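Data first, discussion second: the structure below is written as structure tokens.
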Protein chains: 2
Amino acid sequence: MLSDKYELKQPLRLPDQVAAILMEELESGTLKPGEMLPPEMELATKFGVSRAVIREALSQLKAEGLLESQQGRGVMVVGRSGRRFFRLEDPEKFNSQSLTHLYELRAILESEAAAMAAARGSTRDVAKLGECVVAMARAVEDDTIGAVPDLDFHRGIAEASGNHHLCELMQFLNDKLLVLIQEAREHSRQNPGVPRQVQKEHEGIYRAIEARNPQKARKETLDHLRMAARRLGLEI
Amino acid sequence: MLSDKYELKQPLRLPDQVAAILMEELESGTLKPGEMLPPEMELATKFGVSRAVIREALSQLKAEGLLESQQGRGVMVVGRSGRRFFRLEDPEKFNSQSLTHLYELRAILESEAAAMAAARGSTRDVAKLGECVVAMARAVEDDTIGAVPDLDFHRGIAEASGNHHLCELMQFLNDKLLVLIQEAREHSRQNPGVPRQVQKEHEGIYRAIEARNPQKARKETLDHLRMAARRLGLEI
DNA sequence: GGAAAGCATGTTGTCAGACAAATATGAGTT
DNA sequence: AACTCATATTTGTCTGACAACATGCTTTCC
């Protein structure tokens with residue numbers, strides 16, 4: 001039984017609850033870097049759970065790089081520099097402003113990626129982008145869902161930037177915004193004329209990259225995402 | 001002292017090994033989203049470990065959002081959109097190109113953050129930046145280490161951007177690049193004249209932000225980071 | 001015959017205890 | 001003061017057990 005001291009929610013599994021509490025103490029500074037955690041057995045009695053539960057919780061935090069354990073010594077709190085992940089707040093807690101910020105971040109990265117793609121993308125990368133544009137054009141004609149080529153197009157720009165970290169990060173953000181993006185696409189298809197407009201924007205980006213014009217590629221991408229955000233109802 | 005950090009080449013613990021193998025299978029597509037994992041007991045015999053070890057491994061992957069379990073049903077593979085973290089490859093495996101890319105990513109974000117700070121940073125934020133500049137100037141005069149105000153300055157820019165996600169992401173990247181940055185600072189102090197040059201660049205950024213000139217803030221930051229990269233020996 | 005209730009089985013969640021392995025600690029010796 | 005060694009502490013791993021929940025099948029009742 002977990003003590004009521006820690007307002008634990010029932011539905012979550014015990015290790016997750018314990019991990020959340022410890023994480024809280026880590027972020028609030030109650031547990032400072034370099035300090036040792038109490039022994040697992042002590043934590044177990046303190047939280048009123050078995051050692052197995054404690055170990056699963058610690059395992060999560062260790063995997064994230066927040067803690068470090070050594071057999072015979074104990075568990076130590078490691079500083080921020082040890083963090084292995086960039087964690088986004090839980091999507092359930094996203095409010096409108098948070099979403100706008102996320103979208104803004106994406107726009108920064110994607111416009112810069114487009115500029116880099118124009119500056120130094122391989123001809124192969126650019127050719128792949130061209131295929132995506134053609135596929136999307138066909139989707140607009142047929143009035144079908146152009147989701148796959150659309151996603152491919154945006155991923156292609158990231159890859160053409162030649163920066164692997166940037167690519168991975170954009171992939172992550174896009175995954176997070178996926179629901180939002182799909183909503184936008186659905187919304188677009190219902191408004192006649194919008195798909196054609198979107199296609200024109202995509203083609204503008206593609207032409208700028210193909211023409212090896214970084215400035216233009218950045219601007220076209222920025223404009224495109226600004227328009228897309230407006231279509232989504234986000235104030236940017 | 002210093003060897004303490006590098007001495008810890010601890011043999012991987014069993015749960016970490018199992019987690020690594022499963023992660024490999026997830027990324028390679030051997031385990032596809034929607035599929036069910038074998039029961040924990042089966043995995044245990046397959047890997048030749050106890051169920052507790054398997055559970056700790058699964059706990060890590062569940063925390064990362066790669067798996068999802070339900071009592072009585074089993075463990076399911078979740079698609080990419082479920083990922084909760086943006087994971088950077090292990091710092092030990094960083095090669096020169098990878099570092100350059102990481103630095104490039106940081107430059108993108110920081111220059112844009114500076115522009116946003118100029119465009120919409122609160123007067124409070126800007127004032128704090130001014131204090132950092134003064135503190136750094138004093139450090140240059142005294143020839144002491146200006147690490148703290150320097151970090152504060154860069155963090156201040158991120159905060160002044162008003163975008164929380166951007167701020168967190170920059171914090172994460174800076175933590176990762178911290179060793180690199182400290183190296184740069186040490187290198188700077190040994191080369192006479194460099195600290196003054198750095199200070200001049202910082203002041204340039206600050207003046208642009210204070211003057212509410214986004215374009216200039218972006219350019220000054222970009223120039224500063226480009227110079228810093230060159231001082232570090234990275235080809236940008 | 002069909003639908004609802006109950007039972008059997010499989011799976012995850014949690015607990016308890018045990019031992020091994022590595023480390024810290026302290027007493028005793030040189 | 002420094003070294004040695006036995007002891008205690010702590011993490012790493014294993015085993016077995018039971019509870020909670022889900023699924024499918026059987027039984028029962030209309």
Side-chain angles (χ1 to χ4, degrees), chain A residues 1-6 8-22 26 31 33-78 82, chain B residues 1 3-22 26 31 33-78 82:
Chain A
M1 284 279 171
L2 275 153
S3 7
D4 304 42
K5 181 156 115 182
Y6 294 108
L8 298 179
K9 291 150 212 161
Q10 211 84 11
L12 260 72
R13 293 167 206 80
L14 294 182
D16 293 354
Q17 296 181 41
V18 172
I21 293 174
L22 289 177
L26 286 172
L31 260 33
E35 278 184 4
M36 290 303 252
L37 251 65
E40 293 175 351
M41 204 51 208
E42 195 174 314
L43 287 174
T45 59
K46 172 183 163 193
F47 285 111
V49 299
S50 72
R51 193 159 84 97
V53 168
I54 297 292
R55 281 192 63 81
E56 282 189 35
L58 294 182
S59 190
Q60 295 178 195
L61 301 179
K62 283 187 275 187
E64 202 166 339
L66 267 39
L67 301 177
E68 217 172 71
S69 67
Q70 202 178 342
Q71 190 170 176
R73 244 177 87 57
V75 182
M76 199 179 63
V77 181
V78 2
Chain B
M1 290 301 206
S3 61
D4 272 348
K5 282 177 185 166
Y6 300 117
E7 160 210 353
L8 286 193
K9 208 52 182 181
Q10 49 202 340
L12 276 186
R13 299 182 264 306
L14 292 181
D16 293 355
Q17 293 181 42
V18 172
I21 293 175
L22 290 176
L26 287 172
L31 260 33
E35 279 184 3
M36 290 302 250
L37 250 64
E40 292 176 351
M41 205 51 207
E42 195 174 314
L43 287 174
T45 60
K46 174 183 161 191
F47 284 108
V49 298
S50 74
R51 192 159 85 98
V53 167
I54 296 292
R55 281 191 64 79
E56 282 190 36
L58 294 182
S59 191
Q60 295 179 195
L61 300 178
K62 282 187 276 188
E64 201 166 342
L66 267 37
L67 300 177
E68 220 171 64
S69 66
Q70 200 180 344
Q71 191 172 178
R73 253 179 77 59
V75 183
M76 202 179 61
V77 181
V78 168

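For clarity, every value in this text was computed on a predicted model and none was experimentally measured. Chain identifiers are assigned alphabetically (A, B, ...) following the order of the sequence lines, protein sequences preceding nucleic acid strands; residue numbering begins at 1 within each chain.
Along DNA chain C, the nucleotide nearest to P15(A) and the one nearest to G72(A) differ in position, and the one closer to the 5' end is contacted by P15(A).
Counting atom types as modelled, R51(B) pairs a side-chain N or O with a base atom of dG13(C) as donor and acceptor under 3.5 Å. With hydrogens and angles ignored, no donor-acceptor pair under 3.5 angstrom links the side chain of R55(B) to the base of dT14(C).
Contact of the Q70(B) side chain with the V75(B) side chain is not registered, since no non-hydrogen atoms from C-beta on lie closer than 4.5 Å. The shortest distance between side-chain heavy atoms of P33(B) and M76(B) does not fall below 4.5 Å. Between R13(A) and S69(B) there is a side-chain heavy-atom pair separated by less than 4.5 Å. Put simply, the side chain of I21(B) reaches to within 4.5 Å of the side chain of F47(B), judged on heavy atoms. The closest side-chain heavy-atom distance from L66(A) to V77(A) is not below 4.5 Å.
When each of E40(B), E56(B), E42(B) is checked for a salt bridge (Lys or Arg N to Asp or Glu O under 4.0 Å) with R51(B), only E40(B) meets the rule.
We find that CE of M36(A) is positioned 12 Å from P of dT23(C), with the value rounded to whole Å. Here the C1' atom of nucleotide dA16(C) and the CG atom of L14(A) are 15 Å apart, to the nearest Å. With rounding to whole Å, R13(B) atom CZ is found 12 Å from dA22(C) atom C1'. For M41(B) and dT14(C), the CE to C1' distance is 16 Å, given to the nearest whole Å. dG13(C) atom C1' lies 12 Å from atom CG of L58(B), rounded to whole Å. Protein atom CD of E56(A) is 12 Å distant from nucleotide atom C1' of dC15(C), rounded to whole Å. Following rounding to the nearest Å, L37(B) (CG) and dT12(C) (P) show an atom-to-atom distance of 9 Å. Atoms CD1 (I54(B)) and C1' (dT11(C)) sit 15 Å apart, rounded to a whole Å.
Closest to the S69(B) side chain, of the nucleotides dA24(C), dA22(C), dT12(C), is dT12(C). Closest to the A52(A) side chain, of the nucleotides dA21(C), dC15(C), dG13(C), is dC15(C).
With rounding to the nearest 0.5 angstrom, the CE atom of M36(B) is 11.0 Å from the CG atom of L67(B).
For DNA chain D, the contact window with chain B, defined by any atom under 4.0 Å from a protein heavy atom, covers dG12(D) to dT23(D) in 5' to 3' order.
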